[in-house]
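Before anything else, here's the structure in question.
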Amino acid sequence: MENIDNREPITVTSPLLPPLDEFEKYLEDIWQRKWITNNGHYHHLLEQALCEYLGVEYISLFTNGTLPLITALQALRITGEVITTPYSFVATTHSIWWNGLKPVFVDIDPATGNIDPAKIEAAITPRTSAIMPVHVYGNPCDTERIRTIADRYGLKVIYDAAHAFGVRVNGRSVLEAGDISTLSFHATKTYNTIEGGALICHSAEMKQRIDHLKNFGFESETEVVAPGINAKMDEVRAAYGLVGLKYIDRAIEARRRVAERYRRELAGVEGISMFEPRPDVTYNYSYFPIFVDAERFGCTRDELYGRMKADGVLSRRYFYPLISAFSPYNTYESAAESNLPVATRMADQVLCLPLHHRLTDSDVERVLSFIK
Ligand SMILES: *Cc1c(COP(=O)(O)O)cnc(C)c1O
C-alpha cells in the first residue's frame with residue numbers, strides 16, 4: 001500500500017521552466033552586454049520570435065498581462081462603458097475600472113464559457129465604446145459575430161487572450177481578431193516569462209503608440225507624446241522567454257495527452273460534463289474544466305474540490321466567484337444574478353483539473369479516482 005502522507009501534492013499547474021544551463025548562457029551574454037532593460041537585444045529577439053511562433057505581425061512585450069489590457073483601452077481612447085464578461089480572472093474588469101470606465105457585464109454562452117454574442121446588443125447604450133471579451137480557457141470567441149456587432153455600432157474590440165497563447169482557428173491565429181489582443185505570460189500560464197505579457201495589434205502606427213505608452217509616453221529623449229506608464233519587459237525575462245519558447249510545443253503536446261485522457265475517461269460519467277472541442281480549432285490545452293451537476297453526480301462541486309484537496313490534489317474553481325460578484329462591481333445593474341444566469345450556474349459547477357506538462361500517468365489516475 002502506498003503511503004498517502006509521502007505522496008507529493010498534485011498541483012493544478014506547474015511552470016514551464018527553461019533548462020537552467022541553457023538559460024545561464026543567455027545570462028552570461030546579458031552580463032557581457034551590460035544592457036538589462038529598455039528595449040534591449042533580447043526584448044527585440046523575443047518580439048520577433050513570438051511574431052513568428054504565433055503568426056502575428058505586431059507584438060509589444062509587457063511586464064505582465066494586466067498592463068497590456070489597461071494600455072489597450074488607453075491606446076484606443078475608449079470612453080464611457082465597456083461591455084465585458086463576468087466569467088474571467090478579475091484583471092479583465094479591473095483594467096476597465098483603472099481607466100475610469102464603467103464595465104457592463106453580459107452573460108456567457110454555455111457551450112464555450114465566452115461572452116454570448118446574442119446578448120451583447122441589448123447591453124449597448126449611447127455611452128458604449130468598446131467590447132472586451134475573453135477567450136476563456138483558450139476557447140475562441142465567436143469573433144465574426146462580435147465583429148459584425150462592433151462594426152454596426154462603431155465599437156472597438158479588445159480581446160483578453162490571456163488563455164489563448166498559440167490557439168488557432170482554421171490554421172489562423174485567434175490573436176488576429178479585434179483591434180487589439182493581449183496575452184499573459186504569468187508563471188501559471190501555458191507559456192511564461194515568470195511575470196510577463198504582450199499586446200498584439202494590426203498596424204505599425206498602433207505598435208508605435210503602444211510602445212510609447214508602455215515607456216512613460218517618451219517618443220524621444222526630450223519629447224513625451226502621451227501620459228504613458230512603465231510596463232516594459234526586461235532583458236532577463238525576455239531571454240528566459242526565448243529559451244522557454246524552444247520547449248513550448250513539447251509542453252503543449254504533454255498537456256494534450258493529459259487532456260485527452262481526462263476527456264476519454266470522464267465521458268459518460270453521470271453528472272459530469274465538459275466542453276465539446278471544435279474540429280477547426282488548434283487548442284493549447286491550458287485548462288481542463290469539468291462541470292459538476294450535484295444532483296446527478298451525487299455530491300457538490302465544492303465537496304469534490306474539498307475531498308481532492310484534503311488528499312493533496314489541487315484543482316481550482318476557475319472562475320468562481322464571478323467578477324461581477326466581487327464588492328467593487330456587485331452593485332452595478334448588470335452584475336445582478338438575474339442578468340447572468342448561465343455564468344452563475346457555470347461558476348457554481350466548474351472545477352479545473354490539474355493540467356500541466358509534468359503530470360504522470362499515475363498522477364492522472366489519482367485525479368480521476370476521485371471522480372469515477
Ligand atoms: C492571468 C490573466 C490575466 C492577468 O495576467 P497577469 O500576467 O497575471 O497580469 C488577465 N486576464 C486573464 C483572463 C488571465 O487569466
Side-chain angles (χ1 to χ4, degrees), residues 11-16 46 50 59-74 82-99 103 105-106 108 112-115 130-141 157-167 174-175 177-178 180-200 214 229-234 237-238 240-241 244 255 275 283-289 315-326 328-329 343 346-347 350 352 355-356:
T11 50
V12 75
T13 185
S14 175
L16 175 62
L46 183 57
L50 285 171
I59 193 162
S60 295
L61 297 177
F62 277 73
T63 195
N64 61 47
T66 302
L67 285 163
L69 285 168
I70 291 175
T71 306
L73 291 159
Q74 280 287 316
V82 178
I83 289 175
T84 190
T85 169
Y87 194 77
S88 178
F89 183 62
V90 284
T92 312
T93 306
H94 285 350
S95 73
I96 297 169
W97 193 91
W98 273 68
N99 275 275
F105 299 109
V106 164
I108 59 173
T112 61
N114 293 327
I115 195 165
I131 309 173
M132 185 180 276
V134 181
H135 303 293
V136 79
Y137 309 126
N139 290 340
C141 290
V157 182
I158 299 163
Y159 282 101
D160 180 343
H163 302 172
F165 185 87
V167 171
V174 75
L175 303 169
I180 284 175
S181 293
T182 67
L183 291 167
S184 165
F185 304 151
H186 183 258
T188 53
K189 305 299 206 273
T190 303
Y191 169 78
N192 84 91
T193 58
I194 308 175
E195 294 270 356
L199 185 154
I200 291 88
K214 76 174 189 185
I229 198 161
N230 180 8
K232 306 182 300 289
M233 183 185 281
D234 62 79
R237 286 184 293 148
Y240 175 105
R255 286 169 171 273
F275 287 130
Y283 292 97
N284 62 8
Y285 307 94
S286 51
Y287 299 86
F288 197 89
S315 55
R316 292 300 294 265
R317 288 167 289 186
Y318 290 141
F319 288 97
Y320 166 84
L322 294 176
I323 305 175
S324 48
F326 291 122
Y329 308 118
M346 202 173 275
V350 71
C352 284
L355 180 58
H356 57 79

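Note that ligands are numbered from 1 as they come in the structure, with each ligand's atoms numbered from 1 the same way.
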Task: Leu183 CG to Leu50 CG distance, which is reported to the nearest 0.5 Å - done: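 If we round to the nearest 0.5 Å, Leu183:CG and Leu50:CG are 8.0 Å apart.
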Open item on the list: Less than 6.0 angstrom separating the ring centers of Phe89 and Phe319, yes or no?
Closed with: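 Distance test on ring centres: not under 6.0 Å, no.
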Task: Parallel, tilted or perpendicular: ring planes of His163 versus Tyr137, cut at 30 and 60 degrees - done: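 Rings of His163 and Tyr137: parallel, as their planes differ by under 30°.
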TODO: Evaluate the side-chain proximity of His135 to Tyr159: yes if any heavy-atom separation is below 4.5 Å, no if none is.
DONE: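 Counting from C-beta outward, Tyr159 and His135 do come under 4.5 Å.
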TODO: Around atom 4 (C) of ligand 1, find the nearest protein heavy atom and jot down its residue, atom name and distance.
DONE: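 Here the nearest protein heavy atom works out to Thr66 OG1, 3.6 Å.
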TODO: Look only at interatomic distance and state if Glu195 has a nitrogen or oxygen under 3.5 Å from any nitrogen or oxygen of ligand 1.
DONE: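 N/O-N/O distance below 3.5 Å does not exist for this pair.
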Open item on the list: Could you check whether any side-chain N or O of Asn192 sits under 3.5 Å from a backbone N or O of Glu195, counting only pairs where one atom can act as donor and the other as acceptor?
Closed with: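 Pair absent, no side-chain N/O of Asn192 close to backbone of Glu195.
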- [ ] Spell out, as yes or no, whether a donor-acceptor pair under 3.5 Å connects the side chain of Asn99 to the backbone of Leu73.
- [x]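 It does not hold such a pair.
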- [ ] Note the single closest protein heavy atom to atom 3 (C) of ligand 1, along with its residue, its atom name and the distance in Å.
- [x]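 Heavy-atom neighbour on the protein nearest atom 3 (C) of ligand 1: Phe89 CD2, 3.7 Å.
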TODO: Answer yes or no: does an N/O atom from Gly65 fall short of 3.5 Å to an N/O atom of ligand 1?
DONE: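 Yes: some nitrogen or oxygen of Gly65 is under 3.5 Å from one in ligand 1.
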Task: Heavy-atom side-chain proximity of Phe185 to Phe165 below 4.5 angstrom - done: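 Touching, per the 4.5 Å side-chain cut-off.
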Open item on the list: Quick test of your reading of the structure: of His135, His163, His186, whose heavy atom lies closest to atom 15 (O) of ligand 1?
Closed with: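 It is His163 that holds the nearest heavy atom.
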Task: Numbering as shown, the atoms of ligand 1 that approach Gly196 to under 4.0 Å (heavy-atom distance) - done: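 That gives atoms 7 (O) of ligand 1.
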Open item on the list: Starting from atom 11 (N) of ligand 1, what is the nearest protein heavy atom, named by residue and atom, and what distance separates them?
Closed with: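 Protein heavy atom with the smallest distance to atom 11 (N) of ligand 1: Asp160 OD2, 2.7 Å.
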Task: Atom indices of ligand 1, in the order listed, that fall short of 4.0 Å to a heavy atom of Lys189 - done: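 That gives atoms 1 (C), 2 (C), 14 (C), 15 (O) of ligand 1.
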- [ ] Would you mind listing which atoms of ligand 1 come within a distance below 4.0 Å of any non-hydrogen atom of Ser88?
- [x]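 Close to Ser88: 13 (C).
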- [ ] Nearest heavy atom to atom 5 (O) of ligand 1 wins, so pick from Ser184, Ala198, Ser286.
- [x]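 Answer by nearest heavy atom: Ser184.
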